[in-house]
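Below is one structure, written out as structure tokens; the observations come after it.
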Amino acid sequence: MSIVWDWFYSILASLGLYHKNAKILFLGLDNAGKTTLLRMLKDNRAVSAEPTIHPNNEELIVGNLKLRAFDLGGHETARRLWQDYTTTVDGVVFVVDAIDRQRFPEAKRELDNLLSSDELRGVPFLVLGNKIDMPTAASEDELKYALGLQDTYGKDVMEKYDERCIACPIEVFMCSVVRRMGYKDAFQWLSRFLT
Ligand SMILES: Nc1nc2c(ncn2[C@@H]2O[C@H](COP(=O)(O)OP(=O)(O)OP(=O)(O)O)[C@@H](O)[C@H]2O)c(=O)[nH]1
């Protein structure tokens with residue numbers, strides 16, 4: 001295994017994603033930071049991403065781990081696109097721009113749609129409030145309130161996943177993708193629901 005490959009696997013291992021057999025969707029409004037996050041996981045560097053013109057063109061496949069980003073909002077076709085992409089989704093990473101308060105209601109609508117969709121019943125949801133490197137970013141409490149997520153699953157990594165849990169596990173983590181802050185704990189949280 002080359003040094004670069006080795007190092008790449010060590011990133012995935014630190015996030016708890018190494019050797020996972022899972023399809024994870026990165027969803028959220030445009031400009032939230034999905035592409036930047038995907039590229040960060042791929043290259044460990046923040047590339048200033050051009051806006052995604054084709055919402056289905058960002059994908060990362062490593063062994064049995066498939067990560068794919070889709071934009072929501074503004075276009076109805078997005079839903080069809082991710083539904084066509086896979087019928088089995090093992091996890092959703094829903095990215096929200098924590099500085100764009102005006103769009104919190106729109107983000108909430110999209111999230112509510114996802115949470116009530118049959119295809120995603122029981123699927124763990126990781127909600128990332130991104131861009132906390134900016135001083136105007138919402139706090140975790142503010143974002144949770146805006147998204148109606150005051151009552152979340154709990155962050156304790158040691159807590160055992162209760163298979164009988166009817167509602168899907170959902171938790172909010174604040175992060176800055178470009179500063180590489182916050183998303184490690186978040187992915188570790190998500191990874192314990194993946195096989
Ligand atoms: N300040 C700050 N900016 C960020 C962060 N993450 C992403 N961005 C910026 O936010 C903008 C949108 O990022 P993208 O990754 O393109 O967002 P996207 O969700 O993929 O949206 P589209 O590209 O429109 O599909 C870019 O200018 C990024 O550089 C962050 O942690 N902090």
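Read the numbers this way: they start at 1 and go in the same order the structure lists the ligands and their atoms. Predicted, not measured: the structure shown is a model, and the values here were computed from it.
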- Query: For ligand 1, is Leu37 a contact, meaning one of its heavy atoms is under 4.0 Å away?
  - Reply: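 The answer is no: ligand 1 sits nowhere under 4.0 Å from a heavy atom of Leu37.
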
- Is the closest heavy-atom distance from Val95 to ligand 1 below 4.0 Å?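 No.
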
- Distance-only N or O hit between ligand 1 and Met134, under 3.5 Å: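 Between Met134 and ligand 1 (N or O atoms, distance only) the closest approach is not under 3.5 Å.
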
- Query: Looking only at distance, does Val178 have an N or O less than 3.5 Å from an N or O of ligand 1?
  - Reply: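 Between Val178 and ligand 1 (N or O atoms, distance only) the closest approach is under 3.5 Å.
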
- Query: Can you name the residues that form a side chain to side chain donor-acceptor pair (under 3.5 Å) with Thr152, not counting sequence neighbours?
  - Reply: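 By the side chain to side chain donor-acceptor pair (under 3.5 Å) rule, Thr152 matches Lys144, Glu171.
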
- Message: Does only the side chain of Asp133 get under 4.0 Å from ligand 1, or the backbone, or both, or neither? Count heavy atoms.
- Response: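 For Asp133, the contact with ligand 1 is made by the side chain alone.
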
- Task: Specify side chain, backbone, both or neither for Arg179, according to which of its non-hydrogen atoms lie closer than 4.0 Å to ligand 1.
- Result: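 No part of Arg179 comes within reach of ligand 1.
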
Please could you name the atoms of ligand 1 that [X] approaches to less than 4.0 Å, counting only its heavy atoms?
X: Leu29; result: 19 (O)
X: Ser176; result: 31 (O)
X: Thr35; result: 15 (O), 18 (P), 20 (O), 23 (O)

- Query: If Ile, Leu, Val, Met, Phe, Trp and Tyr residues are connected whenever their side-chain heavy atoms lie under 4.5 Å apart, and connections chain through other members, are Phe173 and Ile99 in the same group?
  - Reply: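 No, separate clusters.
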
- Task: Could you state whether Met174 and Met181 fall into the same hydrophobic cluster, counting links through intermediate Ile, Leu, Val, Met, Phe, Trp or Tyr residues with side-chain heavy atoms under 4.5 angstrom apart?
- Result: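 In one cluster: yes.
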
- Scan residues 123-137 for pairs that pass side-chain hydrogen bond (donor to acceptor under 3.5 Å, both in side chains), counting only residues two or more places apart or in two chains.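 Sorted result for residues 123-137: Asp97-Lys131, Asp133-Ser176.
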
- Do Arg103 and Glu106 meet the salt-bridge criterion of a basic N to acidic O distance under 4.0 Å?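 Salt bridge between Glu106 and Arg103, a charged N being under 4.0 Å from a carboxylate O: yes.
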
- Item | Salt-bridge contact Arg109-Asp112 (side-chain N to carboxylate O under 4.0 Å) |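 Here Arg109 does not pair with Asp112 in a salt bridge, since their nearest N and O are not under 4.0 Å apart.
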
- Task: Report the member of Thr36, Asp100, Asn130 with the shortest heavy-atom distance to atom 5 (C) of ligand 1.
- Result: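 Nearest heavy atom to atom 5 (C) of ligand 1 lies in Asn130.
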
- Is the distance between the ring centroids of Phe193 and Tyr153 under 6.0 Å?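 Phe193 vs Tyr153: aromatic centres under 6.0 Å.
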
